[in-house]
Structure formats: structure tokens, C-alpha cells
There are 2 protein chains.
Amino acid sequence: MLKYSRQRESIKNFLADRYDHPTAETVYLHMREQFPNISLGTVYRNLNLLAEIGEIQKLSPGMGPDRFDGNPAPHYHFVCSHCGSVLDLKVSGLDHINILASQNFDGDIEGHITYFYGTCPSCKAAKHSS
Amino acid sequence: MLKYSRQRESIKNFLADRYDHPTAETVYLHMREQFPNISLGTVYRNLNLLAEIGEIQKLSPGMGPDRFDGNPAPHYHFVCSHCGSVLDLKVSGLDHINILASQNFDGDIEGHITYFYGTCPSCKAAKHSS
DNA sequence: CATAAAACTAGTAATTGTTACTGATATTAT
DNA sequence: ATAATATCAGTAACAATTACTAGTTTTATG
């Protein structure tokens, strides 16, 4: 059974206010302002738990550590190859690709995860001015 | 400058014959049959090097360790949520999603990585017979 | 309200996956 | 041949994450 905990509540609220998809370490550092004695293990445990029950999302962009998204609704992510930042992307009309992938495949496809890569707006600007 | 090495050659050949996207650990274990003294570090170094020069592909499916694909040509992958196995997928007509994602985005999108998730044929069969 | 069961915590140790360092060996240009 | 250097095996270090333990909160129930 799932019991209430301030730490978990606070982690969830923290993520709900952020749109930069912080790492567990970043969450930990910020949680310590409110809970000076909070443990990194507690942060990891609750992040994974919240992800399992679908209240947040866990991202594995392939480069660097996992990141967490306070928005549980399905959407896409962009990963900057230069600075590593992760941004939300509004892409619609991609649901059909599951069906597309199901052709010629004998198993069941239940979903997909897509990361887009490239240069983020900020790195693009920095590039031009150099 | 890139010099020849039997170890690297052998790792590349090993991957070319496999279609199960083995982990570095698996590659290491098999390499030891041919090179009993090969080091895990050597395996990692060459896998990363081969991936950098585009002769193999490195996969980060999000669950478990990284995997490696001897086929450098772009294609898609399926990850079984039950057994964790990674399979090649033949999906065509997905190039346009980069353009789709570029709408409403100020940066440059240069590519994407998509992993499809679900139940693999083997797990699907096992499920029905239980 | 009291209390007991169970989920939760902080703190720490252990594990896993990967990379870096070392001195020795293999490969290649001359 | 030989000199330069990429690679090697072996091992240590590292980063990210998970597991363990004893004690603390939370909540269901009397």
C-alpha cells in the first residue's frame, strides 16, 4: 500500500514546476533546501516510484544520467547534442508509427519512445555569434 | 591515426554475425574464447571507437546496459518489455518525423532515435500457453 | 485516542556499468 | 631494422543507481 510522505509530495511538486527535466542529482540538491537531511536514496526511490505509478516520466536520453519530467502526459523530447539540455517538443500525428512498425512484425507493439537530436536554440545562437 | 588490431577486427566480425544486439559484457565473454586474456576495457574502448567511426551502432534502450549492433545502416529497434530482448525492425517512411518535429521548434533537428516497446513474438507465445 | 502494522526515512554500503591510468606489446611508416 | 605511436592487459577509479538497516511516520483499526 502506498502511504503519504512529505518528501515524495515535495519531489512531485518540485518537478511539476520545472520544465528542464532535471536529473536525480539536481532534484536531490534542491530537495535539501527543504529537507536538509534528505537522502539521495530517498530521491531515487521516490522518483522511480512516481514514474512507476505514472505521475512523472523517466527519460533515458542515452547521453548522461536519467532525467525526470513532471508532466506525465505523453509528449516528445529534444536532446541537444552540444549542451545536453532536454526540451519538450510539441509533435502531433506520430501515433501511426506504432502501426507502421507493426507491419512485418510478429510481436505486439504497445508504444514507442523517440528522442530528437540536434542543436538547441541557445546553442544555435551561440554558434552564429562565434 | 587508426592502427589495425586483431581484437578490434574480431569484435567487429563477432557483431557482424550476431543479430541480438549483445551488451559489452556479452561481447567480452565471447571474445575471451578467442583472446583468453582480453580485457573488458579493451572491449569497451573498441566498441565505442567502432561506434564513433560509424562501423557499428550503440544502443541505449533505457532498460539495462547499452547494446551494440553490427549493422551500421540506420534502422529501428524493438525492445521487449518482458524479456528485455532487442530486435531489428523494418520500418520505412519515418524520415518525415524530423520535419514534423521541426515545426514550432527554433533549434535544428538533425536526427532521431526511436525505440518501440511491447511484447516480442517469443514472449507473446509463452503468454498464450500459460 | 491508543497502538500496532506497514510504509517510509536517513545514512551508508554495495552493485553495476563504464572510463581512465599504467607500463608492456603490436603495428606501421621510414 | 628501428623508431614512433596506437593498442594492449590489468587494474584502479569513477559515476549512477540500488540495497540494506535500524529507526521514524503514517494510517488502519479497536
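Values in this document were obtained by computation on a predicted structure and should not be read as measured data. Residue numbering restarts at 1 for every chain, and letters A, B, ... go by the order of the sequence lines.
For Tyr115(B), the ring-ring contact (aromatic ring centres under 6.0 Å, His included) test picks out no residue, with sequence neighbours left out. When the side-chain contact (heavy atoms from CB on, under 4.5 Å) test is applied to Ile99(B), no partner is found at least two apart in sequence or on another chain. For the salt bridge (Lys or Arg N to Asp or Glu O under 4.0 Å) test, no residue two or more places apart in sequence or in another chain qualifies with Lys3(A). His82(B) is linked by a ring-ring contact (aromatic ring centres under 6.0 Å, His included) to nothing, counting only residues two or more places apart in sequence or in another chain.
Under the salt bridge (charged side-chain N to carboxylate O under 4.0 Å, His left out) criterion, the residue pairs touching residues 43-65 of chain B are Lys12(B)-Glu55(B), Lys58(B)-Asp66(B), with sequence neighbours excluded. Counting only residues at least two apart or in different chains, salt bridge (charged side-chain N to carboxylate O under 4.0 Å, His left out) contacts with residues 67-90 of chain B are absent. The salt bridge (charged side-chain N to carboxylate O under 4.0 Å, His left out) contacts involving residues 91-115 of chain B comprise Lys124(A)-Asp108(B), where partners must be two or more places apart or lie in separate chains. Residue pairs meeting the ring-ring contact (aromatic ring centres under 6.0 Å, His included) criterion with at least one partner in residues 57-78 of chain A, sequence neighbours excluded, are His21(A)-His77(A), His75(A)-His77(A), Tyr76(A)-His112(A), Phe78(A)-Phe105(B). Residue pairs meeting the salt bridge (charged side-chain N to carboxylate O under 4.0 Å, His left out) criterion with at least one partner in residues 16-37 of chain A, sequence neighbours excluded, are Arg18(A)-Asp20(A).
A single hydrophobic cluster is not seen to contain both Val86(B) and Leu89(B); linkage of ILVMFWY side chains at heavy-atom distances under 4.5 Å, directly or through other members, places them apart.
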task = Going 5' to 3' through nucleotides 12-27 of chain C, assign each nucleotide B (protein heavy atom under 4.0 Å from a base atom), S (under 4.0 Å only from sugar-phosphate atoms) or - (no protein heavy atom that close).
result = -----SBB------SB
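Terminal axes of the helix from dC1(C)-dG30(D) to dT30(C)-dA1(D) (five pairs each, C1' rotation axis) are separated by 30°, to the nearest 10°.
Atom CG in Asn37(A) sits roughly 7 Å away from atom C1' in dA10(C) (whole-Å rounding). For the pair Arg8(A) CZ and dA10(C) C1', the interatomic distance rounds to 16 Å; values are reported in whole Å.
Using a 4.0 Å cutoff to heavy atoms of chain A, the contacted part of DNA chain D runs 5' to 3' from dA16(D) to dA28(D).
Each of Met1(B) and Pro36(A) was matched to the nucleotide of DNA chain C holding its nearest heavy atom; the match closer to the 5' end belongs to Pro36(A).
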